[in-house]
J.: 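So that we are looking at the same thing, I have put the structure below in structure tokens.
Everything quoted here is computed from the prediction, not taken from an experiment. Below, all heavy atoms of this structure are taken into account, side chains as well, without hydrogens, waters or symmetry copies. Letters go in sequence order (proteins before strands), and every chain restarts at 1.
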Amino acid sequence: MPVAVALSGGADSLLALCLLQEQGYDPVAVHASFLGCGPKEQRLQEQLAGVCAQRGVALHCLDLQETFEQQVIYPFVQAYARGLTPNPCAWCNRRIKFGKLVQEVQGLGSNLVATGHYATLRRDCRYPPGLYRGRDAGKDQSYFLALVSREQLEAALFPLSGWRKEEVRAELARRGLSAVTARESQEICFIPHNDYRIFLNVQGTQLPGPGKIVDSYGRFWGWHEGLHKYTVGQRRGLGIACSEPLYVLKKDVNNNTLMVGPRSELHATSCRVRLINDLVRVTSWPEQVWVQTNYRQPAGLARVQEAEQGLAVLFDEPRSPAAPGQIAVFYSQQGRVLGGGEIHG
RNA sequence: UGGGGUGUAGCCAAGCGGUAAGGCAACGGGUUUUGGUCCCGUCAUUCGGAGGUUCGAAUCCUUCCACCCCAG
């Protein structure tokens with residue numbers, strides 16, 4: 001069965017390729033570049049070609065820079081300009097890796113795209129496929145996949161679903177292979193030096209200006225440098241000396257004001273979510289769901305009600321406030337992704 | 001001008017004769033396919049200045065300076 005494997009250069013996708021090959025698939029390697037074809041990218045492509053040749057697999061390199069700029073980078077910048085905290089990786093999965101890339105791959109004669117994501121798809125001969133957390137709880141990436149639609153999941157394959165991160169390199173070594181790129185992908189791939197604030201400044205977009213920092217009692221504490229430089233829950237970088245650490249509680253876009261407070265005030269009992277992707281119809285969700293509003297923060301129990309503007313999410317226990325623009329992912333008790341959406345308040 | 005009070009790192013602050021706690025901020029690093037969180041590390045040869053007492057002073061004494069409060 002023909003299947004395209006999206007190779008990034010990292011260890012994960014390379015092992016995915018090997019596993020599929022050994023399972024009897026007929027894989028084709030696809031490498032998409034998002035950031036143009038500079039010398040670094042050229043070298044990466046050459047190295048990937050070498051590895052693929054070693055495995056007897058054809059490699060196709062695709063230039064998705066333009067789509068990536070339009071579909072990921074531009075919305076990312078616009079979101080910050082509006083005072084939101086976007087999650088570009090979640091959108092990239094929906095729009096690029098399981099969007100544009102899948103379309104491109106169909107032109108190569110494959111209806112399936114495999115990636116090195118740590119997540120599980122259960123096909124139980126039912127529609128749509130069930131998206132579940134990966135076996136490696138510490139590495140589970142279902143959170144970032146929660147915006148991938150039912151139709152897109154039909155074309156997806158996650159060969160690493162049952163694997164643990166620490167096994168991957170050893171398995172590659174067993175096959176005489178190693179990752180082409182030294183570091184694992186992390187941080188925002190299109191942001192140089194890992195500083196999104198500098199990146200925003202050179203994009204030429206109108207960004208919010210300086211404004212006041214106040215606490216929940218309205219007391220003035222200082223000045224902020226533009227709301228796009230802060231996010232809800234942030235501690236470092238406020239520059240305020242107090243007897244205890246202060247966190248960003250809220251960004252008041254209308255008044256261009258940053259509200260801060262001590263950790264004891266850093267909790268929310270609800271949030272509102274614009275549902276973008278329902279992998280299970282909301283009417284079929286259990287009364288209690290697990291909601292995750294951040295990749296690292298553990299999921300918490302919540303009750304969800306349909307409201308005019310999406311979903312009203314009531315947390316069973318107060319938790320750190322979710323930043324508007326971030327992704328909320330809803331899970332069943334069994335770890336199935338029920339849906340995902342964008343937090344807006 | 002009388003009377004009282006306070007001066008310890010960028011901010012807050014402990015110490016009250018035995019050789020400068022702690023918190024915040026800042027900076028550096030670690031964790032992490034988003035932002036953020038979290039964790040670790042660094043950060044006053046010196047206590048407003050100058051003298052003195054003492055084996056030894058941020059701590060006691062003298063004096064000067066600065067700021068604050070109350071009177072007028």
J.: Would you mind telling me which residue lines up with the more 5' stretch of RNA chain B, A/Ala322 or A/Arg263, judged by nearest nucleotide?
T.: A/Ala322
J.: Given B/U34, B/C38, B/G36, identify the nucleotide with an atom nearest to the side chain of A/Arg296.
T.: B/G36
J.: Which pairs count as salt bridge (Lys or Arg N to Asp or Glu O under 4.0 Å) when at least one residue sits in residues 85-98 of chain A, sequence neighbours excluded?
T.: none
J.: If the condition is salt bridge (charged side-chain N to carboxylate O under 4.0 Å, His left out), which residues does A/Arg175 pass it with, not counting sequence neighbours?
T.: A/Glu22, A/Glu171
J.: Remember a base hit wins even if backbone is also touched, and classify A/Asp195 as base, sugar-phosphate or nothing at under 4.0 Å, heavy atoms.
T.: nothing
J.: Could you work out, with side chain to side chain contact (heavy atoms under 4.5 Å, CB included) as the rule, every residue matching A/Lys100, not counting sequence neighbours?
T.: A/Leu64, A/Thr67, A/Gln103, A/Glu104
J.: Mind jotting down which residue pairs meet the side-chain hydrogen bond (donor to acceptor under 3.5 Å, both in side chains) criterion with at least one end in residues 199-219 of chain A? Sequence neighbours excluded, please.
T.: A/Asp215-A/Arg219, A/Asp215-A/Trp221, A/Ser216-A/Glu265
J.: Base, sugar-phosphate or nothing for A/Tyr247? Non-hydrogen atoms, less than 4.0 Å.
T.: sugar-phosphate
J.: Looking at residues 69-76 of chain A, who's got a heavy atom less than 4.0 Å off RNA chain B?
T.: none
J.: Which Ile, Leu, Val, Met, Phe, Trp or Tyr residues join A/Tyr74 in one cluster when any pair of side-chain heavy atoms under 4.5 Å counts as a link?
T.: none
J.: Taking only residues two or more places apart in sequence, or in another chain, which ones meet A/Lys229 in a salt bridge (charged side-chain N to carboxylate O under 4.0 Å, His left out)?
T.: A/Glu225
J.: Could you list the residues that satisfy ring pair (Phe, Tyr, Trp, His ring centres under 6.0 Å) with A/Trp285, not counting sequence neighbours?
T.: A/Phe330
J.: Output all residues satisfying salt bridge (charged side-chain N to carboxylate O under 4.0 Å, His left out) with A/Arg43, sequence neighbours left out; order by chain, then residue number.
T.: none
J.: For a 4.5 angstrom cut-off between non-hydrogen side-chain atoms, does A/Ser110 reach A/Val28?
T.: no
J.: Heavy atoms under 4.0 Å is the rule here; annotate nucleotides 21-30 of chain B 5' to 3' with B where the base is hit, S where only the sugar-phosphate is, and - elsewhere.
T.: --BBSSBBB-
J.: Answer yes or no: side-chain N or O of A/Gln234 and base N or O of B/U37 forming a donor-acceptor pair under 3.5 Å.
T.: no
J.: Would you sketch RNA chain B in dot-bracket for me? Only Watson-Crick or G-U wobble pairs with both distances under 3.5 Å count, crossing pairs as [ ], other-strand pairs as |, the rest as dots.
T.: ((((((((.[[[..)..(...]]].(((((.......))))).....[[[[[..)....]]]]]))))))).
J.: Listed by chain and number, what are the salt bridge (charged side-chain N to carboxylate O under 4.0 Å, His left out) partners of A/Glu41, not counting sequence neighbours?
T.: none
